[in-house]
Student: 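Dropping a structure here in structure tokens format, bear with me for questions.
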Amino acid sequence: MKKTLKKLIGAALENASAKGELNHATMPDIEVEAPKVDTHGDFSTNIAMVMASSQKMPPRKIAETIIANLDDAGQIIAKTEIAGPGFINFFVKTSAWVPFLRKVHEKGARYGASNIGQGHKIQVEFVSSNPTGPLHVGHGRGAAVGDSVGNILAFCGYDVQKEYYINDSGRQIHTLGTSVFLRYREILGAAVQFPEECYQGDYIKDIALGLEREKGRALLEMDENEAIDLCARHAADFIIGGIREDLSAFGVFFDEWFSEQSLYDSGKVDTVIQGFKASGAIYEKEGAQWFRTTDYGDEKDRVVVRKNGQTTYFASDIAYHQDKYDRGFETVIDVWGADHHGYIPRVTASVEASGYKREQFGVILVQLVNLLRGGEPVAMSTRSGEFVTLNDVIQEVGGDAARFIFLTRHYESPLDFDLELAKKKTNDNPVYYVQYVHARISSIIEKGREKGIQSEACEDEVLAKLTQPEEIALIKAMNRYPETIRLGAENMEPHRVTYFLMNLASAFHSYYNKHRVLADDPDLAQARLFLVLAVKTIIRNGLTLLGVSAPEKM
RNA sequence: GCGCCUGUAGCUCAGCCCGGAGAGAGCAACGGACUUCUAAUCCGUAGGUCGCAGGUUCGAAUCCUGCCAGGCGUACCA
């Protein structure tokens, strides 16, 4: 609709300049917006004000000229007016809105999809929690955001891969092994001083218990380092298994689970370090190897190999990111917790040093989640091992509610997640508000079918029966979906979809309460079924992008 | 100290990228609507110097600068 108006205005400008009423030299881009207030029409343009100074004419005069030259051959415009300092407001005929419904029906589940990505290969890496303990609520937010961003990008024509990076190497894994081994010895009767830096959670005991059942006392007879290694691998595998299950329950699936250790095993980390040494990007100082990240805007250089010869996490991260581009991704997006933001300059530096552009690397920083219950903060302490896991939350409030709530905020905004609120089935909790629309419409369509009225097709004359303001409002709301999706993809902001859905749901509930879909007039009933089926299609479509189910019944 | 993020109604937040007309939702408050397709719903009332101060502009919540407040980060940890 917007495009059509732009064309009309463009043609009007051409006409006017052909007649000499406007200066042809400066023709700006035509902006058409949907005003916030209904009284300002369905669409408005500020073109007259933009042109005022270059045309040396008052804006209202220009507006008059444009309107006089409009050629509304398609009979779309009901009324135009000049308002305020020089806006041109357009009121679109209801008869021009109605045919738009066909577009929704034609495209169906693909309505709103586009090809702005043009097959561009993009990787979204998210969650990537260390395999040293179960996922907690914060990871859930990252999972919801990452998954949804991936869905939206794919819907817009990007070739998306979702990846989980497993930090199965390095010190924290060794600590994990030690923790399990100590608990294992404890189970077998040894008196154990359990150090503070070890993982305290009960899940460590469970893993040790499992190991004892499987291997008996065998580990005690091994070399201690070997035993700890074995414990570490066993525990990491076990925990990753649990993480996979939790994520599946949350509706999040990855195309690839990428192991950090594999970068060492394949020699990639070494190769990368050697390469950068040769090029001078890595140098030696005070016995350690440093990466010259300051060349790329970082505030100080960073260590990649410590004095003791061990590599840092950053070393494998350089190799990891290089590997992503080697695998053919043109753009790489990392979803991180906000507490890692200090890490961005150095990874960006490594990407540039590897020969890629800084625009090819993006980080979505997800702010932290405050877990509440009835307004009171829930104690969360990783050290003591007392925390509410993502799985606990899913069990208590359900995956749909959790995902939706995670996506009701811009990811850069801290989020209060209230368990009591998430369970409420009221307007406090918008997920049900939106899902309810889907269920209600399903029920209506079923009733319509029983009466022998179909919802999938509709003749033009019948469709013309849609004239109620609430019906047009619904169509207008749906008309904005493609743009919402495009903005969601361009900015990687799933919450735009969430807000769109709440808005569309609101328009539907209002309509539902005022008008009867299955009206006595069978033609009108059919037209209205055609309308609400389109709403249902879009609701399902949007919920799917968010990873939330669209129930037939509630 | 430096860096990143945030500051909009009593509360929780959209809007800011790309400047437009009286700044929007939901909750809470108050008043209404179920013998009718699902009341997990709807309608109405009330509520705001968009943190503060400058600047750019015909026009600033939106762009620029400075300040204030809160969160996070600032390791040869991950």
Side-chain angles (χ1 to χ4, degrees), chain A residues 29 31 33 35-37 39-40 44-46 49-50 52-53 58-59 83-87 89 130 132 167 169-173 175 197 260 285-290 298-300 302-314 316-317 337-345 363 365 367-368 370 375 408-416 418 421 424-437 439-448 450-451 487 490-491 493 495-496 498-499 502-503 505-506 508-519 525 528-529 532 553-554:
Chain A
D29 288 342
E31 291 290 338
E33 291 298 329
K36 294 168 209 159
V37 196
T39 53
H40 295 151
S44 84
T45 179
N46 62 353
M49 287 179 290
V50 175
S53 62
F87 290 101
N89 294 340
N130 286 345
T132 53
N167 296 118
S169 174
R171 199 152 88 188
Q172 84 281 5
I173 288 297
T175 306
E197 66 270 19
E260 180 187 9
K285 192 181 86 181
E286 292 162 10
Q289 306 287 330
W290 298 71
D298 198 4
E299 53 188 24
K300 53 181 283 199
R302 308 291 173 175
V303 171
V304 285
V305 184
R306 286 180 269 172
K307 208 185 302 178
N308 65 10
Q310 285 180 343
T311 51
T312 62
Y313 181 87
F314 182 43
S316 47
D317 243 1
D339 53 341
H340 286 70
H341 78 258
Y343 214 74
I344 297 174
V363 178
L365 279 183
Q367 289 291 327
L368 64 142
N370 298 309
T408 51
R409 299 272 180 285
H410 188 114
Y411 53 77
E412 269 172 3
S413 180
L415 170 71
D416 289 337
D418 195 309
L421 213 117
K424 278 195 194 168
K425 298 188 171 176
T426 65
N427 243 349
D428 270 340
N429 193 1
V431 63
Y432 300 112
Y433 186 78
V434 174
Q435 287 183 321
Y436 193 40
V437 171
R440 264 187 161 172
I441 295 177
S442 300
S443 162
I444 296 169
I445 289 173
E446 183 53 37
K447 286 254 161 51
E450 284 167 16
K451 289 188 173 185
L487 285 169
E490 282 173 1
N491 300 299
E493 293 173 339
H495 76 282
R496 287 173 187 272
T498 316
Y499 275 87
M502 292 193 282
N503 187 51
S506 168
F508 174 78
H509 286 311
S510 294
Y511 175 58
Y512 178 90
N513 272 273
K514 190 153 178 192
H515 303 286
R516 219 183 137 71
V517 174
L518 298 172
R528 287 181 171 174
L529 276 172
V532 300
K553 280 198 171 84
M554 283 172 77

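All chains are named by letter (A, B, ...) in the order of the sequence lines, taking the proteins before the strands, and each is independently numbered beginning at 1. Side-chain atoms are counted along with the backbone in the values below, which use heavy atoms only and exclude waters and symmetry mates. Keep in mind that what you see is a predicted model, and the values were worked out from it rather than measured.
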Student: Take the protein atom NE2 of A/H410 and the nucleotide atom C1' of B/A25, then report the distance between them rounded to whole Å.
Tutor: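 Spelled out: NE2 on A/H410 to C1' on B/A25 is 18 Å.
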Student: Does a side-chain N or O of A/Y512 approach OP1 or OP2 of B/A39 to a distance below 4.0 Å, or not?
Tutor: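 For B/A39, OP1 or OP2 has a side-chain N or O of A/Y512 closer than 4.0 Å.
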Student: Would you classify A/S510 as touching base, sugar-phosphate or nothing, given that sugar-phosphate means primed atoms plus P, OP1 and OP2, and contacts are heavy atoms under 4.0 Å?
Tutor: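 Since only primed, P, OP1 and OP2 atoms lie under 4.0 Å of A/S510, the category is sugar-phosphate.
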Student: If the P atom of B/G22 is compared with that of B/U74, how far apart are they to the nearest Å?
Tutor: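 The same atom, P, in both gives a distance of 47 Å.
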Student: Answer with base, sugar-phosphate or nothing: what part of the nucleic acid does A/K447 contact at a heavy-atom distance below 4.0 Å?
Tutor: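 The residue A/K447 makes sugar-phosphate contact but no base contact.
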Student: Report yes if the side chains of A/R440 and A/Y512 come closer than 4.5 Å at any heavy-atom pair, otherwise no.
Tutor: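 Counting from C-beta outward, A/R440 and A/Y512 do come under 4.5 Å.
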Student: Identify whether the distance between the nearest side-chain nitrogen and carboxylate oxygen of A/E493 and A/R496 falls below 4.0 Å.
Tutor: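 Looking at A/R496 together with A/E493, the answer is yes, because their closest N to O distance falls below 4.0 Å.
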Student: Between B/G55 and B/A60, how far apart are the two C1' atoms, rounded to whole Å?
Tutor: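 One C1' to the other, the span is 11 Å.
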Student: Roughly how far apart are A/Y313 OH and A/N130 CG, rounded to 0.5 Å?
Tutor: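 Rounded to the nearest 0.5 Å, the OH-CG separation comes to 6.5 Å.
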Student: When you compare B/U49 with B/U35, how far apart are their P atoms, in angstrom units rounded to a whole number?
Tutor: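 That atom pair is separated by 42 Å.
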Student: Pick base, sugar-phosphate or nothing for A/L487, based on heavy-atom distances below 4.0 Å to the nucleic acid.
Tutor: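 Base, at least one base heavy atom under 4.0 Å.
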Student: Hey, is the main chain of A/K425 close enough, under 3.5 Å, to the side chain of A/N429 for a donor-acceptor pair?
Tutor: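 Judged by distance alone, no pair lies under 3.5 Å.
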Student: Tell me whether A/H340 is stacked on the nucleobase of B/A78, counting only the six-membered base ring and applying the 5.5 Å and 30° thresholds.
Tutor: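 The ring of A/H340 is stacked on B/A78.
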Student: For A/Y433, answer base if it contacts any base atom (sugar-phosphate contacts may also be present), sugar-phosphate if it contacts only those atoms, and nothing otherwise; contact means non-hydrogen atoms under 4.0 Å.
Tutor: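 Sugar-phosphate, no base atom in range.
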Student: Looking only at side-chain N and O atoms, does A/R528 come under 4.0 Å of OP1 or OP2 in B/C37?
Tutor: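 Checking B/C37 against A/R528, no side-chain N or O comes under 4.0 Å of OP1 or OP2.
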Student: What's A/M49 touching, base or sugar-phosphate or nothing? Going by heavy atoms closer than 4.0 Å.
Tutor: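 If one applies the 4.0 Å heavy-atom cut-off, A/M49 turns out to touch a base.
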Student: From the options B/C37, B/A40, B/C77, select the nucleotide whose nearest atom is closest to the side chain of A/M554.
Tutor: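 The answer is B/A40, which lies nearest to the side chain.
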Student: Can you see if the side chain of A/R496 gets near the phosphate of B/C16 - specifically, an N or O under 4.0 Å from OP1 or OP2?
Tutor: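 Checking B/C16 against A/R496, a side-chain N or O does come within under 4.0 Å of OP1 or OP2.
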Student: Using a 4.0 Å heavy-atom cut-off, does A/N46 contact any base of the nucleic acid, only the sugar-phosphate backbone, or nothing at all?
Tutor: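 Answer is base: heavy atoms of A/N46 come under 4.0 Å of a base.
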Student: Starting at atom OH of A/Y432, determine the distance to atom P of B/C27, rounded to an integer number of angstrom.
Tutor: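 In whole Å, B/C27 P lies 16 Å from A/Y432 OH.
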Student: Starting from C1' on B/C5, measure out to CG on A/L415 and report it in whole angstrom.
Tutor: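 Taking atom C1' of B/C5 as the reference, CG of A/L415 is at 15 Å.
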Student: Taking atom types as they are modelled, is there a donor-acceptor pair under 3.5 Å from the base of B/A21 to the side chain of A/N89?
Tutor: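 Yes, a donor-acceptor pair under 3.5 Å.
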Student: Taking CZ from A/F314 and C1' from B/G73, how many angstroms apart are they, rounded to a whole number?
Tutor: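 Result: 16 Å.
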Student: Under 4.0 Å, heavy atoms only, any strand: does A/E31 hit a base, just the sugar-phosphate, or nothing?
Tutor: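 Nothing: the residue A/E31, judged by heavy atoms under 4.0 Å, touches no strand.
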Student: How many Å lie between CH2 on A/W290 and P on B/C76, as a whole number?
Tutor: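 Distance check: A/W290 CH2 to B/C76 P gives 6 Å.
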Student: Rounded to the nearest Å, what distance is computed from the CD atom of residue A/E412 to the P atom of nucleotide B/G71?
Tutor: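 To the nearest whole Å, that distance equals 18 Å.
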Student: Output the rounded distance in Å from NZ (A/K514) to C1' (B/G44).
Tutor: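 One finds 13 Å between C1' of B/G44 and NZ of A/K514, rounded.
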Student: Base, sugar-phosphate, or nothing: which does A/H341 touch, judged by heavy atoms less than 4.0 Å apart?
Tutor: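 Contact class for A/H341: base.
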Student: Answer yes if the side chains of A/Y343 and A/R302 hold a donor-acceptor pair under 3.5 Å, and no otherwise.
Tutor: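 The criterion, which ignores hydrogens and geometry beyond distance, is not satisfied for A/R302 and A/Y343.
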Student: Under 4.0 Å, counting only non-hydrogen atoms across every strand here, what does A/N130 touch: a base, just sugar-phosphate, or nothing?
Tutor: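 Answer is sugar-phosphate: A/N130 comes under 4.0 Å of backbone atoms only.
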Student: OP1, OP2 of B/A21 versus side-chain N and O of A/S44: anything below 4.0 Å?
Tutor: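 So the side-chain polar atoms of A/S44 never come under 4.0 Å of the phosphate oxygens OP1 or OP2 of B/A21.
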Student: Between B/G26 and B/U41, how many Å separate the two C1' atoms, rounded to a whole number?
Tutor: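 Going atom to atom, C1' in each nucleotide, I get 15 Å.
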Student: Taking only side-chain nitrogens and oxygens of A/R306, does any of them come within less than 4.0 Å of OP1 or OP2 of B/A78?
Tutor: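 Yes.
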Student: Taking atom P in both B/G31 and B/C16, what distance in whole Å separates the two?
Tutor: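 Comparing P positions in B/G31 and B/C16 gives a spacing of 37 Å.
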Student: If we ignore angles and hydrogens, is there a donor and acceptor under 3.5 Å between the side chains of A/S316 and A/E260?
Tutor: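 Short answer, yes.
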Student: In whole Å, measure the gap between the P atoms of B/A46 and B/G24 for me.
Tutor: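 Looking at atom P only, B/A46 and B/G24 are 14 Å apart.
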Student: Please name the nucleotide paired to B/G19 by Watson-Crick or G-U wobble geometry with both distances under 3.5 Å, or report none.
Tutor: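 Paired with B/G19, as far as the under-3.5 Å criterion goes, is no nucleotide at all.
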Student: For B/C34, does the glycosidic angle fall within 90° of 0 (syn) or outside that (anti)?
Tutor: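 What B/C34 shows is a syn base, its glycosidic angle lying within 90° of 0.
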Student: To the nearest Å, how far apart are A/R409 CZ and B/A25 P?
Tutor: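 Taking CZ of A/R409 and P of B/A25, I get 17 Å after rounding.
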Student: I'd like the C1' distance from B/A21 over to B/C37, given in whole Å.
Tutor: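 Per the computed distance, 40 Å lies between those C1' atoms.
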Student: Are any of the side-chain heavy atoms of A/I445 and A/L529 separated by less than 4.5 Å?
Tutor: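 When only atoms from C-beta onward are counted, A/L529 and A/I445 do touch, with a gap below 4.5 Å.
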Student: In whole Å, what separates the C1' atom of B/G59 from that of B/G19?
Tutor: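 About 8 Å, rounded to a whole number of Å.
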Student: Which of these nucleotides, B/C18, B/A14, B/C37, is closest to any side-chain atom of A/H495?
Tutor: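 Given the options B/C18, B/A14, B/C37, the side chain of A/H495 is closest to B/A14.
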Student: Would you tell me if any nitrogen or oxygen in the side chain of A/S413 comes within less than 4.0 Å of OP1 or OP2 on B/A14?
Tutor: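 For B/A14, OP1 or OP2 has a side-chain N or O of A/S413 closer than 4.0 Å.
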Student: In terms of heavy-atom contacts, does NZ of A/K285 have more than 12 from other residues, nucleotides or ligands at under 6.0 Å?
Tutor: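 Yes, the 6.0 Å shell around NZ holds more than 12 heavy atoms from other groups.
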Student: Taking the side chain of A/L368 as heavy atoms from C-beta outward, which of B/A78, B/G71, B/A21 is closest to it?
Tutor: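 Nearest listed nucleotide: B/G71.
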Student: Indicate, with a heavy-atom threshold strictly under 4.0 Å, whether A/Y499 touches base, sugar-phosphate, or nothing.
Tutor: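 It contacts sugar-phosphate atoms only.
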